[in-house]
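In what follows, chains carry the letters A, B, and so on, assigned in the order in which the sequence lines appear, proteins first and then strands, with residues in each chain numbered from 1.
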Amino acid sequence: NAGVTQTPKFQVLKTGQSMTLQCAQDMNHEYMSWYRQDPGMGLRLIHYSVGAGITDQGEVPNGYNVSRSTTEDFPLRLLSAAPSQTSVYFCASSYSLDRVLAFFGQGTRLTVV
Amino acid sequence: SQQGEEDPQALSIQEGENATMNCSYKTSINNLQWYRQNSGRGLVHLILIRSNEREKHSGRLRVTLDTSKKSSSLLITASRAADTASYFCATDAYTGANSKLTFGKGITLSVRP
């Protein structure tokens, strides 16, 4: 099935725990990105990648790590979860240089207690 | 800080009326995009306008871009209850070697039946 697969859908973490949010696409998209969405803040870019082996920081990268070893996968790692990272996370990908995010994952609702 | 800022933050209109939403941005862009988000869902791409374009249409949507004022507007004509959603503008701009897509905080549109 074509599209962006994002897992898990829900997650509760304790402060200090680490975890990885998975994102995979099977459309050979070069551009992939992670956003967090908080009430009243819209979507804020965490990290993005323009191709395998290339990643760059967005607006709010602190506390997050990414890698892009393959074109298909772009995992987001929380190194030591904090309550401020409670949010909804979206992975999105683009097949064009226009950065049209035609494909969004279903979102991960993360709560850090 | 976020590149795009939408205005107004919230808009409530009657079905059949037109809805106009504005977006201002700060730096030079490659293109500007509008997205819709229904409650609890991922974003859906609506329309893209390039920096060398002034106006684009797609169905009941009309987008304008004024690069001299660094602003864009989204007009939804003959609104329907199903248009109730949050709307985001996103700007694609180069920062260093790569371009990235950044979103505004969004506009909440309510269309009353």
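More than 12 non-hydrogen atoms from other residues, nucleotides or ligands lie less than 6.0 angstrom from CZ of B:Arg54. Heavy atoms of other residues, nucleotides or ligands lying less than 6.0 angstrom from CD of A:Gln17 number more than 12. Within 6.0 Å of the CZ atom in B:Arg112, the count of heavy atoms belonging to other residues, nucleotides or ligands exceeds 12.
Side-chain atoms of A:Phe90 and B:Gln37, non-hydrogen and from C-beta on, do get closer than 4.5 Å to each other. Within the 4.5 Å cutoff, side-chain heavy atoms of A:Tyr35 are placed close to those of B:Leu101. At a threshold of 4.5 Å between non-hydrogen side-chain atoms, the residues B:Phe103 and A:Leu45 do not count as touching.
If you take NE2 on B:His45 and CZ on A:Phe104, they are separated by 10.0 Å, rounding to the nearest 0.5 Å.
Cluster annotation: A:Trp34 is not connected to A:Tyr31 through the hydrophobic network of ILVMFWY side chains, with a link wherever side-chain heavy atoms come within less than 4.5 Å. Cluster annotation: A:Leu21 and A:Tyr48 are assigned to distinct hydrophobic clusters (Ile/Leu/Val/Met/Phe/Trp/Tyr, side-chain heavy-atom contacts under 4.5 Å, transitive).
Contact annotation for A:Gln37: only side-chain heavy atoms (C-beta onward) come within less than 4.5 Å of a heavy atom of chain B.
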